[in-house]
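Values reported hereafter were calculated over all heavy atoms of this structure, with side chains retained and with hydrogens, waters and symmetry mates removed. All chains are named by letter (A, B, ...) in the order of the sequence lines, taking the proteins before the strands, and each is independently numbered beginning at 1.
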Amino acid sequence: MAIDEKFLSGYEPHKYEGDIYKTWEESGFFNPDVCIEKGVVSEDAEKFSIVLPPPNVTGTLHTGHASMLAIQDTMVRFARMKGFKTLWLPGTDHAAIATQSKVEKLLEKDGIRKHDLGREEFLKRVEQFAQDSHDTIVSQCRAMGSSLDWSREAYTLDKTRHKAVFLAFKKMYEDGLIYRKHRIVNWDPKGQTTISDDEVVREDRKGMMYTFKYSHDFPFPIATTRPETKLGDTAVAVHPEDSRYKDYIGKEYSFNFAGEDVTVRIVADEAVDPEFGVGALGVTPAHSQTDWEIAERHNLPVKQVINEYGKMMVGMEGVRDVKVEQARKAVVEWLRSEGLLMEEKEIDQSVGTAERTGAVIEPLPKMQWWIDVNKPIKDGKSLKNLMLDVVRDGNIEILPERFEKVYFHWIENLRDWNISRQIWYGHRIPAWYKEGETQISITSPGGNWIQDEDTLDTWFSSGLWTFSTLLDPEKYEEDFKVWLKNSRDGIYHPTTVLETGYDIIFFWVARMILMTTYLTDEIPFKTVYLHGLVRDKQGRKMSKSLGNIIDPVDVIKDSGADALRMALIVGIGPGADNNLSDDKIKAYRKFANKIWNASRFVLENIEGTNLSDIPELQDSHKAYIEEWKTLVQEITKEMEEYKLYLVGEKLYHFFWHRFADVVIEECKKDLNESSKYTLLFLLTEQLKALHPFMPFITEEIWKSLENKDSELLMVSKWPN
RNA sequence: GGGCGAUUAGCUCAGUUGGUAGAGCAACCCGUUUACACCGGGAAGGUCAGAGGUUCGAGUCCUCUAUCGCCCACCA
């Protein structure tokens with residue numbers, strides 16, 4: 001047989017990858033409907049569905065994204081070849097706060113601030129940026145070989161998703177699960193918005209603990225790390241059993257503190273630890289979560305002394321209108337000069353900072369929208385209960401299993417979720433106000449109704465993702481169950497598996513379980529497969545400052561998507577971080593070349609061989625085929641259990657060290673009918689088995705095979 | 001303050017339900033064998049962090065310790 005000219009040189013991935021992807025895309029087989037239409041999959045086949053965790057439209061993809069694409073595409077291609085009705089649905093995430101702050105930073109470079117532009121014009125800029133990012137992301141997904149059904153692409157902020165968000169909000173509001181309330185929030189003074197508890201990152205820092213008396217007339221000292229907040233104190237709390245303070249409980253004291261008149265009542269509260277500090281806590285309801293709760297229990301007044309910019313609103317010269325850090329120094333100085341300061345000592349403390357901006361969180365009282373996670377709803381169960389039950393009962397399985405414990409622990413400590421944000425990019429809260437009345441509506445109710453200025457936490461819309469992506473835009477229904485059921489793609493819900501990083505188990509996985517279970521009475525997915533972080537060779541996080549970033553685009557250019565995919569999959573179990581190195585990528589680039597060259601040899605020497613005519617086989621050849629079949633049984637089972645990391649390695653080993661080193665070496669000595677059959681059989685089977693892992697090179701070699709069961713390898717049958 | 005993970009060959013890591021320790025890379029020796037030098041053959045390399053326990057048998061199960069890492073947490 002005349003060998004294809006392309007085999008004359010080694011494997012050069014960039015020559016083939018683009019065209020192959022185009023061929024796949026044009027075939028339409030990424031779309032399960034086309035697979036059914038063309039008879040590749042039967043109409044009543046079992047479904048396998050998975051949504052792509054939508055990348056944020058904040059820029060380009062990194063190796064973490066590449067790893068998720070590699071893992072998911074391998075799962076998807078395997079399922080498709082196994083004959084499942086397979087859907088992998090793509091999309092991107094508007095990522096509200098992340099995208100907005102990115103654009104703000106870009107504008108800053110040109111000396112433009114968002115308020116100079118106004119809401120509408122600023123949003124136009126954000127949308128343009130989002131569109132550009134989207135285009136880059138989509139082309140990168142293609143470069144990885146992702147067999148995503150682009151005909152179903154969704155965006156968390158598009159029309160259909162907007163309707164879904166509105167409906168979710170409305171339903172939860174009507175059920176009393178979404179409410180608006182004035183209470184302590186995590187305020188980000190830099191981002192000028194509230195954030196949820198999960199977006200607060202704790203940082204260990206050194207701090208000073210000051211022990212002092214409010215005034216010379218005050219009977220005992222208190223201790224705090226934030227003296228400047230004491231201008232807003234309305235009480236002092238002590239433990240009810242603390243003999244040192246028992247006699248003072250119920251008494252009231254007034255004094256001037258750093259230029260502000262302060263009145264405090266001594267209250268007894270169990271929350272105070274008599275062992276800590278001096279056992280007396282100055283209560284600042286407006287600027288501390290704990291104190292707010294104490295204030296609620298004792299019906300204390302709330303006095304705000306710090307504003308949204310992190311500046312003092314009251315106090316003497318040098319305190320008022322000054323940022324809190326500076327004000328703190330001024331207050332300490334004042335205490336010292338008044339002779340009130342008794343002790344200062346350095347302590348370790350954990351400070352809450354904002355995930356996006358890094359600013360120190362300023363707790364402030366604000367009117368915000370919340371989701372109640374404790375309110376009993378269905379059969380007396382709260383959202384918390386729903387979330388716990390589906391995992392506890394085994395309806396949802398988390399891999400690796402140990403993350404189930406992490407998940408339970410998080411839910412048990414979960415507090416109400418603050419869902420409103422004071423930013424512009426995102427789903428506008430569908431609440432309208434007029435004369436103290438509130439109406440929930442997607443469009444203006446007319447008249448003098450004024451819409452809430454805020455937008456929703458980005459995770460609110462991504463929480464709906466497994467089913468909001470499957471809804472028909474034309475068939476809007478007032479009930480998600482009906483809407484989903486009547487939709488063309490409703491059959492793909494619940495999805496089969498959710499594959500995502502363990503770092504967003506709370507942000508996203510838990511929120512999807514919450515929203516979906518409540519809104520649709522269905523679980524969002526049966527299995528959660530959590531991958532780890534991609535790090536550098538030494539196990540460090542990749543970062544610009546370390547200069548250790550591996551860009552997937554560069555790797556694909558140099559070594560091919562197949563090599564990158566293998567380097568991101570083999571040996572990396574769920575939950576494990578991947579220390580990616582150039583050596584590792586190089587190893588799989590060499591493997592691709594090995595496959596290429598071995599295939600050339602086989603193709604050159606199998607003239608007249610047809611797999612449907614099985615010749616009399618030599619014993620050793622029979623044994624090789626048996627060995628392969630045993631391996632197929634093993635890896636098929638492992639693929640079904642999502643143990644891709646084992647299968648990739650086993651296929652690598654078999655191809656190189658059994659097939660190439662042993663079988664080919666033996667067969668080349670005597671190229672008889674038995675040899676030729678064995679070579680062709682094993683090559684054909686291995687191309688199939690390797691295809692989910694290394695789709696490009698296997699498809700390219702497949703083209704040169706004659707007598708195959710399918711024109712395209714991607715829709716051929718998985719070996720058995 | 002809780003919880004979790006890691007500790008296996010020089011490096012990066014596998015090791016499924018307990019049954020004689022594995023891979024890749026690196027290093028060493030040999031080989032220009034017409035698929036492949038992005039190669040082949042060969043040899044070397046480990047008291048599986050430490051201590052104790054269960055067992056006929058432990059890298060694997062239990063307890064404790066050490067080092068590193070991660071997550072969670074309203075002690076002001």
Side-chain angles (χ1 to χ4, degrees), chain A residues 3 7-12 184 186 197-198 200-202 207 209-211 222-226 229-230 233 236-237 271-284 287-294 347 349-350 352 363 400 402-403 405-410 412-413 415 502-503 505-506 532-533 535-540 559 563 566-567 570-573 575-605 634 637-638 641 643 645-646 648-650 652-653 656-657 660-661 664-665 667-669 679:
Chain A
I3 188 72
F7 284 111
L8 293 179
S9 60
Y11 181 59
E12 295 168 87
I184 283 272
N186 305 303
D197 293 342
D198 298 282
V200 177
V201 180
R202 297 263 156 199
M209 169 82 101
Y210 304 94
T211 306
I222 58 157
T224 184
T225 52
R226 297 196 62 187
T229 63
K230 301 293 100 183
D233 280 11
V236 170
V272 179
D273 177 0
E275 303 297 317
F276 188 86
V278 290
L281 164 66
V283 181
T284 324
H287 302 290
S288 154
Q289 182 69 42
T290 316
D291 296 7
W292 175 272
E293 282 161 22
I294 293 174
I347 56 153
Q349 57 172 354
S350 83
R402 65 185 143 90
F403 278 97
K405 231 187 271 179
V406 178
Y407 173 82
F408 290 140
H409 183 254
W410 179 80
E412 279 152 15
N413 291 299
R415 297 185 304 190
Y502 65 64
D503 51 331
I505 180 167
F506 307 134
L533 263 46
R535 297 169 178 278
D536 76 358
K537 195 181 176 175
Q538 283 117 55
R540 302 174 304 179
S559 304
M566 284 294 272
V570 172
I572 317 298
D577 290 348
N578 180 2
N579 294 357
L580 187 64
S581 65
D582 290 336
D583 281 348
K584 204 167 182 176
I585 294 162
K586 199 172 89 186
Y588 292 109
R589 187 179 71 211
K590 282 157 80 170
F591 179 49
N593 199 51
K594 188 76 181 177
I595 296 173
W596 188 253
N597 287 314
S599 301
R600 162 170 52 217
F601 178 80
V602 174
L603 292 170
E604 272 175 347
N605 292 290
E634 204 177 304
K637 186 164 168 277
E638 285 168 344
E641 292 166 352
K643 292 177 180 164
Y645 56 103
L646 291 179
E649 188 167 11
K650 285 176 182 177
Y652 173 96
H653 190 260
W656 202 312
H657 301 297
D661 290 353
I664 292 183
E665 289 304 320
C667 288
K668 76 163 49 152
K669 288 181 195 144
L679 289 174

Whole-angstrom distance between [N] and [M], as gauged at atom [atom1]:
N	M	atom1	result
B/rU55	B/rA43	P	41 Å
B/rG46	B/rC13	C1'	14 Å
B/rG15	B/rA51	P	25 Å
B/rG53	B/rU60	P	14 Å
B/rG22	B/rC36	C1'	26 Å
B/rC68	B/rG50	C1'	15 Å
B/rG10	B/rG5	C1'	25 Å
B/rA14	B/rA49	P	13 Å

Go through [options] for me and flag the one nearest to the [X] side chain.
X	options	answer
A/Arg402	B/rU16, B/rA76, B/rC4	B/rC4
A/Phe276	B/rC38, B/rG41, B/rA76	B/rA76
A/Phe506	B/rA76, B/rG40, B/rC72	B/rC72

Identify whether any heavy atom of [X] sits under 4.0 Å from a base atom; if not, whether one sits that close to sugar-phosphate; answer base, sugar-phosphate or nothing.
X	result
A/Glu641	nothing
A/Gln349	nothing
A/Arg226	nothing
A/Val272	base
A/Ala280	nothing
A/Asp661	sugar-phosphate

Rounded to the Å, how far apart are A/Lys650 NZ and B/rG22 P? 15 Å
What's the CG-C1' distance between A/Leu533 and B/rG5, to the nearest Å?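 That distance rounds to 14 Å.
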Looking at A/Lys594, I'd like to know whether one of its side-chain N or O atoms comes within less than 4.0 Å of OP1 or OP2 on B/rG40. yes
Can you find a side chain N or O atom of A/His657 that sits less than 4.0 Å from OP1 or OP2 on B/rG24? yes
Using heavy atoms to find the nearest nucleotide of RNA chain B for A/Glu12 and A/Val200 separately, return the residue whose nucleotide is more 5′.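 Result of the comparison: A/Glu12.
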Are A/Asp197 and A/Asn186 close enough, and set up right, to give a side chain to side chain donor-acceptor pair (under 3.5 Å), and what steps lead you there? CA-CA 7 Å; A/Asp197 293 342; A/Asn186 305 303; 2.9 Å; yes
Partner of [N] by Watson-Crick or G-U wobble geometry, both contacts under 3.5 Å, or none?
N	result
B/rC39	B/rG31
B/rU7	B/rA66
B/rC48	none
B/rG1	B/rC72

Going 5' to 3' along nucleotides 8-14 of chain B, which nucleotides have protein heavy atoms under 4.0 Å from the base (write B), which only from the sugar-phosphate (write S), and which from neither (write -)? ----SSS
Base, backbone or nothing for each nucleotide of nucleotides 25-34 of chain B, written B, S, -, heavy atoms under 4.0 angstrom, 5' to 3'? S---------
We want to know whether A/Ser559 and A/Lys586 form a side-chain donor-acceptor pair, criterion being a heavy-atom distance below 3.5 angstrom.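 No, A/Lys586 and A/Ser559 have no side-chain donor paired with an acceptor closer than 3.5 Å.
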Distance-only polar pair, side chains of A/Asn578 and A/Tyr645, donor-acceptor under 3.5 Å: no
At less than 3.5 Å, do the side-chain atoms of A/Gln289 and the base atoms of B/rA76 form a donor-acceptor pair?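 It does not, because no donor-acceptor pair links the side chain of A/Gln289 to the base of B/rA76 below 3.5 Å.
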Taking 4.0 angstrom as the limit, do A/Lys668 and A/Glu665 come out as a salt bridge? yes
Students often mix this up, so state it plainly: with edges at 30° and 60°, are the rings of A/Phe506 and A/Trp410 parallel, tilted or perpendicular? parallel
Out of A/Phe591, A/Phe601, A/Tyr11, which residue meets the ring-ring contact (aromatic ring centres under 6.0 Å, His included) rule with A/Trp596? A/Tyr11
Side-chain touch A/Thr229/A/Asp291, heavy atoms, less than 4.5 angstrom: no
